[in-house]
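Below is one structure, written out as C-alpha cells; comments come after it.
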Amino acid sequence: MARTDDRYNVKETEAKWQGVWERRGCFLAAEDSPKPKYYVLEMFPYPSGRIHMGHVRNYTLGDVVARYKRAKGFNVLHPMGWDAFGLPAENAAIERGIHPAKWTRENIAAMREQLKSMGLSYDWTREVATCEPEYYRHEQRMFLDFLKAGLVYRKESWVNWDPVENTVLANEQVIDGRGWRSGALVEKRRLAQWFLKITDYADDLLDSLKTLERWPDRVRVMQENWIGRSEGLRLRWALTGRPDTLEIFTTRPDTLFGAAFCAISPNHPLAAELAAGDAGLAGFVAECNRMGTSEAVLETAEKKGWDTRLKALHPLVPGWEIPVYVANFVLMDYGTGAVFGCPAHDQRDLDFARKYGLPVTPVVLPPGADARSFAVGAEAYDGEGTLFNSGFLDGLGVAEAKAKVSDRLEAEGRGTRTVNWRLRDWGVSRQRYWGCPIPVIHCPSCGVVPVPERDLPVRLPEDVTFDKPGNPLDHHPTWKHVACPTCGGAARRETDTFDTFFESSWYFARYCSPKRDDVAFGRAAADYWLPVDQYIGGIEHAVLHLLYSRFFTRAMRDCGYLAVKEPFDGLLTQGMVCHETFKTADGAWVYPDEVVKTDDGTLAEAGTGRAVVAGRSEKMSKSKRNVVDPAHIIATYGADTARLFMLSDSPPERDLEWTEAGIDGAWRYVNRLWRMVAAPAAPLPAPGTAMPDLSAEALKLRRLIHRTIAVVGEDLERFHFNKAVARIREMTNGLGELAADDAGAGWVLREGLEIAARLIGPMMPHLAEEMWAALGHDTLLADAPWPEADPALLVDDTVTVAIQVNGKLRATIELAKDADAKVAEAAALAQPAVAAAMAGKPARKIVVVPNRIVNVVV
RNA sequence: GCGGACGUGGCGGAACCGGUAGACGCAGCGGACUUAAAAUCCGCAGGCCCUGGCCAUGGGGGUUCGAGUCCCCCCGUCCGCACCA
C-alpha cells in the first residue's frame with residue numbers, strides 16, 4: 001500500500017517535475033527546427049468531466065511514443081484538445097438544468113487538471129475545444145467550400161422519430177423500438193437533411209487502404225467491408241398491368257432462373273403507392289417503420305413480407321410471373337431498394353421462401369453433386385458450381401454465367417452492369433442544440449442561401465431553454481429569423497447542427513496552427529506537420545471516425561486547404577480496459593472499492609454487509625459499476641505507477657484487465673527502482689568516471705545492459721511496450737544481483753542505473769527525472785538523447801544449441817557461435833542423453849540449423 | 001444476420017522466418033530479517049508417474065526431421081453495424 005512517509009515521495013516528486021517541464025517549455029513544438037518532424041496524436045476525448053481508465057491507457061501509450069521520439073531526435077508535435085459538442089451535454093441540461101456550454105467548459109477544466117496530473121508531454125499552447133466559435137467558424141466555412149465544390153447536397157432521409165419528445169433519436173436511444181426517455185413507440189420519418197458526398201471518393205478510399213501499411217490489418221478490412229464495393233447488375237422487370245418497370249440490383253444474375261420472388265423495401269416509392277390503396281399493406285409498412293433504422297436490427301429481425309399481388313415478368317422466360325413482396329429486410333438506401341430472391345442460393349431468400357411457401361429451384365450444382373437428386377434442404381448453397389435448370393446458361397461456371405447473362409440483358413437494353421457501394425453518403429444534419437450550426441439560410445423566394453462569409457461564424461445562441469420537447473434552436477424567439485442575404489426578405493436559419501463527427505474529421509489539422517483566426521490552419525504549417533505520423537485510439541473508431549477523416553482530408557485537399565490525402569500514416573488501436581464485476585444477490589451492481597472480504601473469505605458490500613458475488617471481467621462501464629477512478633489511483637500511487645501498469649502485461653492492442661494486485665506490483669517496482677538509486681548496492685563513482693578493469697561478472701552485466709538498450713529500442717519502435725517493460729525488469733534484476741563491490745562493479749552499477757532511468761523515461765517520466773537527478777546530473781532527462789548500445793557488447797562468442805532426437809529435446813550444449821555443422825553434429829552425438837534416446841539405432845538423417853538446433857532422426 | 005478479432009500454467013502474457021513452450025510480472029508456497037506484523041530480501045514453482053520419463057498452447061484432423069506458429073473442419077468469447085463518441 002502507498003505510504004506517504006516512503007522515501008520516494010510520489011506526490012511531491014511528480015508535481016515538482018511537472019512544474020519544471022512546464023516552466024522550461026520542454027514540450028513546445030517548433031516549426032523552424034532542423035530536426036525531422038514527428039506528429040503523434042491520441043484521439044481527443046469527449047469532456048465528460050472525469051478521465052477514465054481508457055483515457056489513461058490511450059494517453060500513456062501516446063506519451064511513451066512522444067517522449068521516445070523526442071529522445072530519438074525528432075521535432076515532436078503532441079497536442080491535446082476536446083471533442084466538445086455532443087449529446088451528453090444536452091442530457092445534462094435536460095436532467096440537471098445545467099447549460100450545455102457551462103457544463104462542457106467546467107468538464108474541460110476538470111479533465112485538463114486530471115490529464116496534467118498524468119505528466120503527459122503535451123504542447124498545451126495548442127489546445128482546442130470544438131464547441132468554441134474560434135474552432136467551429138472554420139468548419140462552417142469549410143462546409144460552404146464543400147458546397148461550392150459540389151460535395152454537399154440536400155435530400156430526404158429516414159430518421160428515428162420520438163413522437164412524444166418531438167425529437168430525432170440516435171440508434172442507441174431506441175430500446176426495443178421505443179424511445180429511451182419517453183417510452184413511446186418510435187416512428188420512422190423522412191426529413192430533409194444535408195449530405196456530404198463521401199461516395200464520390202469511394203474508389204479512392206478503398207484503393208488507398210493498400211497504402212496504409214502502418215494501419216492494423218483488421219481496421220483496413222473493416223473499412224473495406226464498410227465501403228463494400230460490389231459488382232452487379234441493375235435489371236428492369238416489367239410488371240403486369242402497369243406501364244412502369246421495377247428496377248432491382250443483384251450481384252447474382254447467374255441465379256435468375258432460380259428466382260422465386262421480388263422484394264421491395266417498405267420505403268420504396270412503389271410500396272408507398274400501393275399502400276395508399278391497401279390498408280393491410282399500409283399497416284405492414286408502418287410496422288416495419290417501427291423497427292428502427294439500424295442494420296443490426298433489420299438483419300436480426302424475423303424476415304417478414306407482404307404479398308402485393310403484383311406480378312413481375314421474368315426477364316428471360318416469357319410468361320413467367322413472379323410475385324412482388326414488400327419485405328422488411330430490403331434497405332431503401334442500398335442498391336435500388338428492390339431485389340429478386342433466389343431461395344436455393346441465398347439463406348435469407350430461402351428462409352423467406354419457406355415461410356411464404358415459395359418454390360425453391362436450385363440452379364447452381366455443387367461440384368460432385370448429381371443434377372437429378374440435388375435438392376436444397378434447410379441450407380442454401382452459395383458456393384461455386386455448374387449452372388443447371390437454367391436454359392442457355394446450363395453447363396457454365398458461376399462467373400461465366402454472370403458474364404453471359406449480363407451481356408444478353410445489356411444487349412436487350414434491360415440491364416446495366418453497375419458497381420454498387422454499401423457506403424452511403426454521410427448525413428451530417430442533426431436536430432440537436434449542442435453542435436455546430438449549419439451555415440445556411442432558407443428563403444421562401446431564393447431557396448437555400450449560404451451564409452455569406454462576412455457573417456461567419458454563425459454562433460450558437462447560449463440563451464436557450466430545454467423545458468420543451470424538440471430542438472431548442474427551433475424554439476429560440478429570435479435566432480432563426482434573419483433577412484435573406486440575397487433578396488433581403490424574411491428568411492429562416494437552418495436550425496440543424498452538424499454531426500459531431502464533423503469536428504473530429506479535421507481537428508488534427510487545426511493543431512498545426514490552432515491560434516489562427518483567418519484560416520482553419522496555415523497551409524505551410526499543414527504541409528510541414530501532416531500527415532499525423534502516429535495516431536492512437538480505440539478500436540471502436542475503426543470505421544466511422546477514421547473513414548470520415550480520410551474523406552475530409554481528400555475534400556480539404558480538393559478545396560485547396562492542404563496537400564495530403566491520407567491524414568494518418570500510422571495507426572495503433574488500443575484494447576479496452578476491463579475489470580471484474582460485482583453483484584449482490586438481488587442483481588445490483590457494486591463498485592469494486594465497496595467490496596470487502598469477510599472473515600470467512602466471502603465477499604460483501606462494505607456499507608450494507610450484503611453478500612456479493614464476483615462476475616466475469618468486462619469493459620469498465622458506469623452502468624455495471626466495474627470502474628476504478630484514475631484520479632484516486634494517481635492520488636494514491638502516482639501517475640508513474642498507473643502508467644507502468646497500463647504498459648506492463650498486456651500488449652496495447654489487446655484488452656487490459658485492471659487488477660488491484662497489478663497496480664500493487666507496479667507500485668513495488670517504482671519503489672524498488674528508487675531504492676536502487678537512493679541506496680545503491682555498491683559505491684557509485686562520480687558521473688563521467690573512466691571505465692576501470694571489469695571482472696567477468698561485471699562484464700557479463702554490462703553485456704546485459706547493452707543488450708537491453710538494443711531490445712527495448714526495438715520493442716518501443718514496434719509498440720511492444722509490455723515486452724520493453726519485461727526487458728527493463730530483467731536488467732534491473734541483474735543489477736540487483738551484482739555481488740562484488742570493487743570499482744568495476746560500482747562503475748557498471750552506475751551505468752546500469754543511468755540506462756534504467758533513460759529507458760524508463762518515456763514510461764515513467766517523473767521517476768526517471770528523479771533518478772537522473774539523484775545520480776548527480778543537473779540536466780533534464782526529458783532533454784537527453786536516447787541511449788545507444790555498444791555493438792561490441794551485443795555479440796556473444798558462444799550459443800546454446802538444442803539437441804533433439806526425433807524432434808524431442810534431449811540435451812542442450814554450448815557451441816562456438818557459427819560452429820561448423822560437422823562440429824555441431826559430432827557434439828550432439830557425443831551427448832549421453834542423445835545416445836540413450838537413439839537406443840543403439842543408427843541416425844537416418846541429421847538436421848542442423850546453425851546456432852539453434854540439431855535434430856537426429858533415427 | 002453480416003463483418004472483424006481473439007483463445008498458451010491458477011492469472012496477465014513471452015516465444016522474430018516453423019527450431020529449447022511458459023521470458024517478465026501477478027497470485028501461491030518455503031525461508032531470512034522482526035517480540036510480532038508490514039515492508040524488504042533469498043529460494044521453489046505447467047500437469048501426471050517420479051531413476052528417468054510421459055502429457056501439455058480451445059477441440060479434431062493434416063503437412064513437416066520438427067507445429068503455439070502453416071492448411072482444413074469444429075467449439076467458445078469479445079467487438080462493429082451508419083444519430084453514442
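Proteins get letters first, then strands, A, B, ... in listed order; numbering begins at 1 in each.
Using a 4.0 Å cut-off, some side-chain N or O of A/R430 falls inside it from OP1 or OP2 of B/rC83. Of the side-chain N and O atoms in A/R672, one or more sit less than 4.0 angstrom from OP1 or OP2 of B/rC41. Distances shorter than 4.0 Å separate some side-chain N or O of A/N733 from OP1 or OP2 on B/rG25. Contact annotation: A/N722 side-chain N/O to B/rG25 OP1/OP2 distance is not under 4.0 Å. Remark: A/K723 is not in phosphate contact with B/rC16, judged by side-chain N or O atoms under 4.0 Å from OP1 or OP2.
Atoms CG (A/N851) and C1' (B/rU20) sit 14 Å apart, rounded to a whole Å. When rounded to the nearest whole Å, the span between CG of A/N225 and C1' of B/rC81 equals 11 Å. The distance from atom CD of A/E580 to atom C1' of B/rG12 is 14 Å, rounded to the nearest whole Å. Atom CG of A/N671 is separated from atom P of B/rA39 by 12 Å (rounded to the nearest Å). For the pair A/R220 CZ and B/rA5 P, the interatomic distance rounds to 12 Å; values are reported in whole Å. One can place CZ of A/R57 at 11 Å from C1' of B/rG12, the figure rounded to the nearest angstrom. At whole-Å resolution of the value, NE2 in A/H720 and P in B/rC16 are 11 Å apart. To the nearest angstrom, P of B/rU77 lies 18 Å from CD of A/E657.
Nucleotide B/rC11 forms a pair with B/rG25, judged by Watson-Crick or G-U wobble geometry with both contacts under 3.5 Å.
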Considering only nitrogen or oxygen atoms on both sides, find all protein atoms under 3.5 Å from nucleotides 62-68 of chain B and state each distance.
{"residue": "B/rC65", "atom": "O2'", "partner": "A/N855", "partner atom": "ND2", "Å": "3.3"}
{"residue": "B/rC65", "atom": "O2", "partner": "A/N855", "partner atom": "ND2", "Å": "2.5"}

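Looking at A/R432, its side chain comes within 3.5 Å of the base of B/rC83 through a donor and an acceptor atom.
Comparing B/rU20, B/rG13, B/rC84 by their closest approach to the side chain of A/L809 singles out B/rU20.
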